[in-house]
Amino acid sequence: MRTTTRRLAGDEVTINYVESARDLHAFDDFLARGDKVLGLDTETTGLNIYSRGFACRLVQFGNRDTAYVLRADMFEKAIVRALRQPRHFTLHNAPFDLQVIDHDFGVTIEELGPRAFDTRIMAHLLDPRQRHEGGTGLRLKELAEIYVDPTVPDTEKELHAIFRKEYKATRETGWALIDIDHPVYVEYAGLDPLAARRLFDELAPMVRDLGLNHLSQFEHHLATLLALLQRKGMLLDLPYVEKLTGDLAAEAAEHEARAARYGVANVNSPVQVASALVAMGEELTEETDGGALKVSKEILLPLADLDLQWERMESREPNPLADAVAHAKRAGKWGKSYAQAFLDLRDPDDRIHPVIGGLQARTARMSVSTPPLQQLPSGDWKIRRSVIAEPGNLIIAADYAAVEMRVLAALAEEPTMIEAIRAGEDLHSFTAKMVYGPDFTKRHRKIAKAVGFGKVYGGGATTIQRQTGAPMEQVREALAGYDATFPGIKRYAKKLGNRAEYGKKEVVTLSGRHLPLDRDRIYAATNYVVQSTARDLLAQAIVDIFDAGMGDLLRLPVHDELIAEAPAADAEEAIHEIGRLMETPDFYGVPIVAEPEVYGPSWGHGYGAPA
DNA sequence: GCTGCGTACGCA
DNA sequence: CCAATGCGTACGCAGC
């Protein structure tokens, strides 16, 4: 045994590095001490659990004052034995370690998940804000320095320095290269479960005292289910993705070469693009937040005589540089962020396993990363076509119909809006009819729709004008008409604003989630509570679908929809059942409904990919 | 080589 | 005051 001591929150703590089988007796004695909850953590070669070459290197257990650090390759049996004891563990960001342990030790997510506490979940319930948003932050280091010990070391940062200096490695590669018994590596590995356990001891009572135990249990259960989705992943059409990647790279290069003829060496440099356009005589008037000339897609496409669907408008002579830059950037983005990312992140079976952040945004909205499957281009099927169902299966999906509008109507108890929804009206058309009369036009509906979204997002007349291109006069008329038609919405926003102004700077959702508000953006309260409530509906649906025994069909949440797959013969029935499970027929008087659809053999088949 | 910031772009 | 919300990723650029 190699034992080191150090101080943590004024106490002496001991970190034991197990060197031989003889040392395991001491580990067993430690396990027999009767801790109801042990801190648990792993050190791995990287973050992509399912990529070739990934391995768990260390597994660490700790209570408040003693940690044991075990090599994964030498002490697998002892680790598995410890994990299978009837005991709870506390981890920070448990889904990662649960999958590592499932992947490398065969102690499954199903087995360990129900016995895992996650301090990240607890912290999110107490304050969902990142550090830069004024919150506690959600990283172990950030939370530990607030709740455990302000001098707790930044283990990641210090290890990165060692990777550089001693191993000529980067922050990415160092985790696999550092000597497994490197004293700093071992000490920091051991420190994390101690911090996790001490953090748990602080946060758990706070969660309980705020009456958040029920919500906490729900989020823990959901997190385990989402870890199952990540473990399952989604299959790629590899030959298709390889060709797509090559095609997009070639397309980007071709347009980059066109841009270079106008002196733009780098299409991703806004400064270069702006100065070249100005030199060609184009007038750039819009500015970025930082005061630079704006050359975003919204600026470039009109200069290239293209509308936002990239169709020729015949409104002017197209600027060839604007055209080249816009095309080059789109091909570059699609190629690098999506197609190439699919290839880089795939496992040996050509599946991708996106990280699903089940409790991510301030509003608890979920995120999906590596790769970002919630953000694949939707106006074109080419990227989504890369993701396919397993042989014999079809991709199926169900999405909520205008869920945020419906949630808003319910929460605000807006009688006219509720009535319109219950009558099956298209809400934007209904608004247009109320504002402009029965002879409203398509343009009127577009404005009404923008106003509806503006209300959900807390936007104002300027934004709606920019979005619709309508004259300010008409926008103001539509806003006034909306308020007259749906007075409950304004009243609700006012109520939330008043409570925040004179009470706590937060909104509380039906699920009991506290959402802090920024003092200079109190108006965001309506959006927060609507967005968060819509998220909770989707989260509950995922739980319900698992409870109904259909969880193994699920693949991915996308804010207001669920992507799944099922054997071709059952696909229609399966997605109807999933859609039914998503629905809440009477959500405070408002029907929350889902629309099921069988896409086909690929995700792209729901977006127009040829059969 | 890394970090932070700004800009841009993809989605709901 | 009358305000668009929430994310993840890539890249350029400046500074360390």
Side-chain angles (χ1 to χ4, degrees), chain A residues 128 130 132-133 157 160-161 163-165 168-174 265-274 287-300 325-326 329-338 340-341 344-345 354-357 360-380 383-384 399-400 402-404 450-467 476 479 483 490 493-494 497 501 515 517-532 534-535 538 557-561:
Chain A
Q130 310 280 330
H132 63 86
E133 296 174 307
K157 210 166 213 163
H160 290 162
F163 295 168
R164 263 201 314 280
K165 288 198 189 86
K168 308 259 177 282
T170 68
R171 50 181 299 174
E172 305 268 299
T173 58
N266 204 325
V267 296
N268 286 313
S269 168
V271 175
Q272 285 183 32
V273 173
E287 289 186 359
T288 65
D289 291 339
L293 288 179
K294 203 166 184 179
V295 285
S296 64
K297 195 174 68 174
E298 287 70 27
I299 308 291
L300 293 179
V325 170
K329 284 173 74 174
R330 181 170 66 167
K333 171 90 177 168
W334 288 18
K336 291 196 176 71
S337 294
Y338 307 124
Q340 187 61 53
D344 294 344
L345 293 165
V355 175
I356 304 171
Q360 191 63 26
R362 183 187 303 208
T363 59
R365 249 193 176 194
M366 301 176 202
S367 71
V368 174
S369 62
T370 57
L373 291 193
Q374 287 185 327
Q375 285 113 305
L376 305 188
S378 61
D380 185 296
I383 298 294
R384 290 181 193 244
D399 68 317
Y400 283 120
V403 64
E404 292 194 335
V451 169
F453 277 107
K455 290 290 174 184
V456 170
Y457 292 141
T462 322
T463 312
I464 294 164
Q465 186 197 22
R466 193 167 55 237
Q467 285 231 331
R476 292 200 192 287
L479 278 166
D483 288 341
K490 195 171 183 174
K494 184 88 183 154
E501 207 70 60
L515 309 176
L517 300 167
D518 302 333
R519 61 175 69 257
D520 55 341
R521 287 171 58 231
I522 296 294
Y523 64 86
T526 308
N527 174 254
Y528 284 4
V529 68
V530 167
Q531 191 181 100
S532 193
R535 177 274 184 196
L538 190 75
V558 190
H559 300 311
D560 67 351
E561 64 179 323

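The chains referred to below are lettered A, B, ... by the order of the sequence lines, with proteins before strands, and numbering in each begins at 1.
- Judged as a side-chain hydrogen bond (donor to acceptor under 3.5 Å, both in side chains), and not counting sequence neighbours, A:Thr462 has no contacts.
- A distance of 9.5 Å separates NZ in A:Lys455 from OG1 in A:Thr526, rounded to the nearest 0.5 Å.
- Taking A:Val355 as the reference, A:Gln230, A:Ser369, A:Thr370 meet the side-chain contact (heavy atoms from CB on, under 4.5 Å) condition, with sequence neighbours excluded.
- The interatomic distance linking A:Lys157 (NZ) with C:dC16 (P) rounds to 15 Å, in whole Å.
- Residue A:Tyr528 is classed as a sugar-phosphate contact, given heavy-atom separations below 4.0 Å to backbone atoms only.
- A distance of 8.0 Å separates NE2 of A:His160 from CD of A:Glu172, quoted to the nearest 0.5 Å.
- Contact annotation: side chain of A:Gln531 to base of B:dA12, donor-acceptor pair absent below 3.5 Å.
- By the side-chain contact (heavy atoms from CB on, under 4.5 Å) test, A:Lys336 is found to be paired with no residue, residues two or more places apart in sequence or in another chain being considered.
- The side chain of A:Ser378 has B:dA12 as its nearest neighbour among B:dG1, C:dT5, B:dA12.
- Contacts of A:Gly460 with the nucleic acid, taken as non-hydrogen atoms under 4.0 Å apart, involve only primed sugar atoms and P, OP1 or OP2.
- A heavy atom closer than 4.0 Å to some atom of DNA chain C occurs in A:Arg521, A:Tyr523, these being the qualifying members of residues 517-525 of chain A.
- At least one side-chain nitrogen or oxygen of A:Gln360 sits closer than 4.0 Å to the OP1 or OP2 atom of C:dG8.
- At the heavy-atom level, A:Val456 lies nowhere under 4.0 Å from the strands shown.
- Spacing between atom CZ of A:Arg466 and atom P of C:dT5 amounts to 11 Å, rounded to whole angstrom units.
- A:Ile383 comes within 4.0 angstrom of no nucleic acid atom, judged by non-hydrogen atoms across all strands.
- Closest-nucleotide positions on DNA chain C for A:Ser367 and A:Gly454 were compared, and the one nearer the 5' end corresponds to A:Gly454.
- Under the side-chain hydrogen bond (donor to acceptor under 3.5 Å, both in side chains) criterion, A:Asp518 pairs with A:Arg362, A:Arg521, not counting sequence neighbours.
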Between protein and nucleotides 9-11 of chain C, what N or O pairs are separated by less than 3.5 Å?
unit_1 : atom_1 : unit_2   : atom_2 : d
C:dT9  : OP1    : A:Thr370 : N      : 2.8

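- Listed for the A:Arg384 side chain is a donor-acceptor partner under 3.5 Å among the backbone atoms of A:Pro377.
- Listed by chain and number, the residues in a side-chain hydrogen bond (donor to acceptor under 3.5 Å, both in side chains) with A:Ser296 are A:Glu298 (sequence neighbours excluded).
- The CE-C1' distance, from A:Met366 to B:dC11, rounds to 16 Å in whole Å.
- No contact: A:Gly452 has no heavy atom under 4.0 Å from any strand.
- The distance between atom NZ of A:Lys168 and atom P of B:dC2, rounded to the nearest whole Å, is 13 Å.
- C:dG8 atom C1' lies 11 Å from atom CG of A:Leu373, rounded to whole Å.
- Every residue meeting the side-chain contact (heavy atoms from CB on, under 4.5 Å) condition with A:Gln465, not counting sequence neighbours, appears here in chain and number order: A:Met472, A:Val475.
- Contact annotation for A:Arg365: base contact, defined as any heavy-atom pair under 4.0 Å involving a base atom.
- A:Lys455 comes within 4.0 angstrom of no nucleic acid atom, judged by non-hydrogen atoms across all strands.
- Among residues two or more places apart in sequence or in another chain, the side-chain contact (heavy atoms from CB on, under 4.5 Å) test is passed with A:Lys490 by A:Asp483.
- Contacts of A:Arg535 with the nucleic acid, taken as non-hydrogen atoms under 4.0 Å apart, are absent.
- Whole-Å rounding puts the A:Leu515 CG to C:dG6 P distance at 11 Å.
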